[in-house]
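A note on names: the letters A, B, ... follow the listed sequences, proteins ahead of strands, and every chain is numbered from 1. The analysis underlying the following values was restricted to heavy atoms, covering all of them including side chains, and did not include hydrogens, waters or symmetry mates.
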Amino acid sequence: MLPFPKFSYEAPGTLDELFTLASVSGSRIVAGGTDLLPSLKHRLFQDTLLISLRRLRELRGVTIEGGALVIGANTTLRDVARDDRVAAGWPALRDACRTIATSTIQAMGTLGGNVMLDTRCLYYNQPDGWRASIGGCLKADGSVCHVAPNGAGCYAAHSADTVPALWLYGAILRFGSERGIREVALADLYGTDGRTWLGNARDEVLLAIVVPKAPAGSVVHRKLRARGAIDYGMLLTAVHRRPDGSGAAVVSALGPRPVFVEAERVEDLAAAAHKAATPMRTHAYGVGWRKHMVRVEVERALAGS
Amino acid sequence: MTDDRDFHVRAVAEGGVLGGGGRGKVDGLAKITGRSVFVDDLVLPRMVYAKVLRSPHAHAKILSIDASEALAMPGVLKVMTGEDCTARYGAIPVAQDETALALGKVRYIGEPVVCVAAVDEETARDACRRVRVVYEPLDAILSIDDALSADKPFIHEWARKPSNILRKVDQEYGDVDAAFAASDLVLEGTYDYPGSTHVPLETHAALAVPHADGRLTLWSSTQNPHYMHRTIARVLGMRPGDVRVIKPDIGAGYGGKCDTFCTDVCSAWLARALDRPVKFVFEREEVFYAHRGRHRTKMWLKMGMTKEGRVTGIDFKAWAEGGAYASYGVVTSFYLGVFMTMPYKVENYRFQSHRVYTNHPPCGPKRGHGAIQPRFALELHLDRMCEALGLDPVQVRLDNLIEAGHETVNGLLVPSIALSECIERVVQASDYRAKKGSLPPGRGIGLACSAYMCGALHAVYDNDLPHSGVQLKCDRSGRVTIFSGTADCGQGSNHMLAVFVAERLGIDPTDCTVVEADTDLTPVDLGSYSSRVTFMAGNAALQAADRLRSQIASALAAKFKVPVESLVFAGREVRGAWRPIPWLEAVDIAEGHHGTLGSVGSYKPPKIGSRLKRTSVGPSPAYSFTAQVAEVTVDQVSGVVTVDKMWAAHDLGRVLHREIAEGQIEGCVYMGVGEALLEEQAYRKDGVHMTPSILEYRIPTVYDTPEIQVLLVESHDPGGPFGAKEAGEGPQLSTVPAIGNALHDAIGRWLTNPPYTPEKVWKAIKGR
Ligand SMILES: Cc1cc2nc3c(=O)[nH]c(=O)nc-3n(C[C@H](O)[C@H](O)[C@H](O)COP(=O)(O)OP(=O)(O)OC[C@H]3O[C@@H](n4cnc5c(N)ncnc54)[C@H](O)[C@@H]3O)c2cc1C
Ligand code: SF4
């Protein structure tokens with residue numbers, strides 16, 4: 001079995017303790033651990049202190065506040081998907097939770113962990129010995145990018161299934177730290193370099209995902225993956241068909257930041273997404289085909305809206 | 001299907017255990033309740049752990065190894081390098097080119113170089129990272145063309161006649177050119193079949209235990225304890241009698257655990273050096289480097305046909321990319337061609353193969369070893385010729401079939417075949433004739449057939465000894481213990497042994513205990529490869545059971561004064577005397593009469609086929625046959641292929657246990673679907689394995705597995721135990737070509753290079 005590196009572990013019982021621990025350098029939050037633990041085994045992080053959220057009841061559960069959905073960051077994907085209110089008002093979020101990995105991982109993994117999910121790349125999500133044989137890469141232990149050697153940084157793909165739908169629902173992220181609470185639009189969180197794609201400060205812990213009352217029209221989630229389960233998306237798509245005939249789409253798995261496009265006529269949305277998307281060699285499937293599929297996925301999502 | 005069910009009902013009504021529908025495997029409950037013991041479950045006092053450092057280079061000289069920093073770490077006990085154990089070994093005696101750890105140079109990325117033993121796995125792993133190895137990179141051989149090129153260095157320069165071609169085979173039977181001249185159509189085509197790997201759920205694992213008297217026990221997750229026993233003794237310079245190899249429960253092999261691995265040799269060497277038990281379990285990534293999977297094979301096929309659809313001759317060339325070591329590659333070079341003369345009659349046949357070395361992880365036997373690739377080419381080619389001549393693929397296959405008793409032009413004697421029944425049943429069940437050519441656009445149906453072996457006539461090392469031995473012990477408890485050197489990998493061979501013995505003695509399989517795969521306790525069996533176990537160990541078990549039955553019968557005959565022939569063993573009693581004698585009493589009487597009861601049986605394949613000397617690799621005492629139909633849907637916009645349903649009819653000789661047989665056939669189809677749609681052992685151009693994990697190396701999930709309808713067909717092979725043949729490998733051969741032919745029906749394109757990824761299919765559709 002792939003052994004863990006050595007680390008210490010704390011499970012704070014109050015938010016204050018949580019924020020104090022989160023300010024310690026070399027610490028990292030563990031929610032369900034479904035992404036973090038495999039990555040630790042692959043030696044992708046050097047962190048030596050894991051801070052578990054499991055004792056903080058206030059970070060778990062779904063509530064409605066003034067028509068908005070407030071989901072504790074440590075709520076499991078399964079609990080989100082099974083919530084009747086989510087299904088009724090924000091069905092694309094439920095659908096997105098259900099395309100993640102497998103039902104067992106959905107029972108462990110959390111919505112917060114998904115929003116904060118590391119970016120992924122064929123050259124990065126590999127064991128340490130493997131990465132050593134290619135000399136590492138910009139994102140970990142190296143100085144070149146194997147995907148775009150002449151590029152401007154790291155293009156590792158944003159791969160969180162729930163994010164395109166949450167984006168179109170206008171989700172707000174509530175972060176907390178020793179400095180207090182801060183809210184950020186999910187759409188503003190992600191940057192364009194796969195190493196530094198998260199806009200929150202290192203010590204800011206995600207407390208809740210606030211999803212306002214769903215906009216008029218319909219939002220639909222689609223995932224393109226190789227198999228019927230387990231796989232990360234080759235493309236993650238959400239579309240919003242608005243009552244006025246316009247539309248918006250978010251397509252992810254293309255790079256660190258999901259691609260957002262709008263069209264005055266929903267008929268033009270697929271072409272706009274196709275134009276805006278630049279798939280990279282971060283996946284095993286070819287970029288020409290994935291680019292073609294951007295258009296197809298948006299069209300098909302619209303057909304289901 | 002109903003006729004087989006009827007057969008089962010009949011068998012049960014007669015008190016026999018054949019058919020066996022609804023009965024669990026003898027080891028089934030232990031498996032599903034977590035009681036099975038795998039190597040990694042074994043924990044011994046003073047046990048330590050081994051890990052290896054692997055090569056980051058595809059081809060490089062090792063200039064120096066400095067382990068001082070690792071050795072200085074607390075908890076590190078020993079560092080082993082290639083120099084510590086220099087004896088070369090390998091699966092096939094004529095091609096022994098491996099050492100447990102790289103010696104002098106490395107030949108693929110991921111090759112084991114240094115092994116560290118430490119008090120725990122973490123320390124051993126960290127210590128490996130602190131060993132400094134200095135390499136001098138060499139020009140790497142990373143394709144078949146590289147291997148055939150004269151300007152490249154040799155991968156095995158130490159060999160007597162260095163060459164990057166491990167084996168070249170040239171064979172010709174009949175007059176192929178004359179046959180082509182007399183044909184109405186001669187068609188040429190090229191095919192490129194991908195490499196793939198087995199993905200057993202349990203990774204390779206070994207635990208070596210030194211004993212006070214100098215002996216050594218090695219627990220290993222292996223398919224071939226006997227060959228491993230020989231290898232370990234030789235490599236460590238020990239007497240075979242001082243080495244004991246035990247295979248506990250294993251999490252499958254599919255051919256991937258037929259070789260001896262560094263887990264085995266390093267744990268054994270370190271255990272002796274440290275005088276402590278040493279455990280060595282691979283991480284998942286390492287299984288992709290140990291590999292021994294399917295050879296990527298490029299093929300060229302030329303075939304002649306009359307306008308009525310008779311196959312006149314075949315000219316076939318194959319180039320198999322074998323990776324850095326030989327493994328079973330010499331055998332592969334023959335298997336690539338030997339089965340092309342069946343199930344269709346071919347009197348003129350020319351075959352050439354090259355099995356080459358490259359700087360990739362070594363290839364070896366994977367389910368359907370060597371026969372999968374040419375079968376794919378042949379079955380697609382046949383459909384292409386039918387299309388060109390306007391012939392019915394079903395009829396052409398039926399018209400060309402060999403019959404029982406046929407000896408192929410390359411010397412394979414076929415004692416039984418029920419393939420025409422297989423074809424008729426899949427064609428009927430799938431409604432192939434009505435659907436072919438008439439499904440809506442994007443949907444298609446395809447047929448393919450195949451033939452496979454039931455064990456090899458020759459062991460991998462030349463000898464005149466039995467291939468399989470079985471020993472029975474029986475006492476007044478009524479329990480029969482079956483000792484056998486076979487290695488059940490989950491396929492159910494233990495249950496088969498119990499079925500044979502129980503059927504003969506009129507008891508239930510659950511009345512038997514199978515003790516298997518322990519070289520101190522069990523008679524030699526060559527192992528789980530080439531689909532030989534049911535056939536060969538089954539015959540040995542039957543012989544042993546017959547002998548035990550004779551002992552019991554003679555004792556009862558003497559006591560009850562009845563002729564031996566009148567005694568019937570069934571339903572846990574012996575009938576034929578004035579009253580039924582319960583099994584327990586019968587055994588009691590026999591033990592009193594003869595003293596301690598026991599018997600042995602063995603099996604050695606008959607020397608059949610008159611032209612045997614022509615091909616020593618390939619002949620088998622019997623052959624299994626399969627016909628399959630695939631129905632597919634192609635998303636014409638995305639190129640995504642969905643296999644909607646597979647029908648698989650398999651001539652397995654005789655059904656011994658319905659569920660196990662169906663499970664094997666479903667497993668074959670499942671693996672075939674993986675090779676058809678998803679799997680590829682793919683490397684970057686510098687030799688890096690791109691997907692060494694079960695997240696990125698994609699085997700089908702349950703959602704990707706089509707509905708599979710299995711049809712069991714019985715041909716009652718005259719040499720098989722109760723007429724049985726095999727069901728564990730042969731059925732995989734038809735799956736990929738059936739899907740390939742269905743794809744053509746769906747999109748009008750011949751796709752000659754699986755896996756049929758959406759991208760490939762999309763490009764093919766676009767190019768139309
Ligand atoms: C086989 C497999 C397949 C997968 N497939 C998919 C897939 O298809 N789609 C997909 O989206 N994901 C997939 N995942 C990843 C993962 O399971 C999910 O993204 C899950 O939602 C992550 O949640 P978690 O609670 O387990 O996160 P963790 O692993 O606990 O954390 C993930 C990251 O988020 C950080 N983090 C977590 N919570 C917080 C917080 N409250 N504040 C600040 N930082 C935080 C952690 O520090 C860590 O860096 C897969 C994982 C596996 C093992
Ligand atoms: S995109 Fe480049 S830098 Fe980023 S993870 Fe992949 S190879 Fe590394």
Side-chain angles (χ1 to χ4, degrees), chain A residues 1-7 35 38 41-43 99 101-103 105 120-136 146 159 222 224-232 234-235 270 279 281-297 299-300 303, chain B residues 40 49 51-58 109-110 120-126 128-129 203 281-286 288-289 635 637-640 642 674 677-678 680 682 684 686-705 757-763 766:
Chain A
M1 213 172 55
L2 209 51
F4 277 115
K6 294 208 169 30
F7 56 79
D35 179 54
K41 288 183 163 200
H42 285 174
R43 306 295 199 268
T99 58
T102 61
S103 52
I105 289 178
R120 295 187 60 86
C121 174
L122 205 50
Y123 295 90
Y124 168 71
N125 296 98
Q126 300 275 7
D128 50 346
W130 188 97
R131 283 180 289 115
S133 73
I134 61 162
H146 303 280
S159 303
R222 264 186 84 82
L224 180 66
R225 58 181 161 187
R227 294 176 292 185
I230 302 176
D231 292 326
Y232 283 93
M234 292 188 276
L235 288 177
R281 296 182 192 283
T282 42
H283 294 65
Y285 285 82
V287 293
W289 177 73
R290 283 176 60 230
K291 172 122 177 143
H292 159 72
M293 288 306 292
V294 170
R295 183 194 299 269
V296 177
E297 289 291 292
E299 279 169 357
R300 289 184 174 177
Chain B
D40 200 23
Y49 299 83
K51 284 273 177 195
V52 288
L53 173 68
R54 292 176 176 272
S55 164
H57 297 285
I109 295 174
D120 55 39
E121 275 191 307
E122 290 78 357
T123 308
R125 196 176 197 275
D126 291 345
C128 285
R129 302 287 178 272
T203 63
V281 180
F282 272 171
E283 294 163 16
R284 174 60 58 187
E285 180 193 6
E286 300 184 281
F288 289 91
Y289 305 141
D635 177 337
V637 177
S638 66
V640 171
T642 306
L677 301 185
L678 292 161
E680 182 162 12
R684 206 163 77 142
D686 57 359
V688 175
H689 191 304
M690 283 312 291
T691 56
S693 71
I694 43 177
L695 182 59
E696 294 290 343
Y697 180 93
R698 298 190 174 90
I699 58 175
T701 70
V702 69
Y703 300 104
D704 312 297
T705 309
T757 58
E759 187 174 3
K760 244 182 234 174
V761 175
W762 171 66
K763 283 185 178 154
K766 260 205 324 187

Nearest 0.5 angstrom please: [X] [atom1] to [Y] [atom2], how far?
X: A:Leu122; Y: A:Thr282; atom1: CG; atom2: OG1; result: 8.0 Å
X: B:Ser693; Y: A:Gln126; atom1: OG; atom2: CD; result: 6.5 Å
X: B:Arg284; Y: B:Thr203; atom1: CZ; atom2: OG1; result: 6.5 Å
X: A:Leu235; Y: A:Ser159; atom1: CG; atom2: OG; result: 10.5 Å

Where does [X] contact chain B at under 4.5 Å (heavy atoms): side chain, backbone, both or neither?
X: A:Arg295; result: neither
X: A:Asp128; result: side chain
X: A:Arg300; result: side chain
X: A:Phe4; result: backbone
X: A:His146; result: side chain

Engaged part of [X] at the chain A interface, taking heavy atoms whose separation is under 4.5 Å:
X: B:Glu759; value: both
X: B:Ile109; value: side chain
X: B:Tyr289; value: side chain
X: B:Leu677; value: neither
X: B:Asp40; value: neither

Are B:Arg54 and B:Phe282 in a cation-pi contact, defined as NZ or CZ under 6.0 Å from the six-membered ring centre and within 45° of the axis?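 Positive - B:Arg54 is close enough to the ring of B:Phe282 and near enough to its axis.
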I want to check a possible cation-pi pair here: B:Lys766 against B:Trp762, using under 6.0 Å from ring centre and within 45° of the ring axis as the test. yes
Hey, are B:Thr701 and B:Asp704 close enough side-chain-wise for a donor-acceptor pair under 3.5 Å? yes
When you compare the side chains of A:Tyr232 and A:Arg120, does any donor N or O come within less than 3.5 Å of an acceptor on the partner? yes
Chain B contacts, top residue of A:Gly135, A:Ala284, A:Gly129, A:Pro127 (heavy-atom pairs, under 4.5 Å): A:Pro127
Relative to chain A, which of [options] shows the most heavy atom pairs under 4.5 Å?
options: B:Lys51, B:His689, B:His57; value: B:His689
options: B:Glu122, B:Arg125, B:Glu121; value: B:Arg125
options: B:Val702, B:Asp686, B:Asp635, B:Ile694; value: B:Asp635
options: B:Ser638, B:Ser55, B:Ala682; value: B:Ser638

Does any N or O in the side chain of A:Arg225 come within less than 3.5 Å of the main-chain N or O of A:Thr99, such that one atom is a donor and the other an acceptor?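 Pair found, side chain donor or acceptor close to backbone of A:Thr99.
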Is the count of non-hydrogen atoms from other residues, nucleotides or ligands lying under 6.0 Å from B:Arg129 atom CZ greater than 12? yes
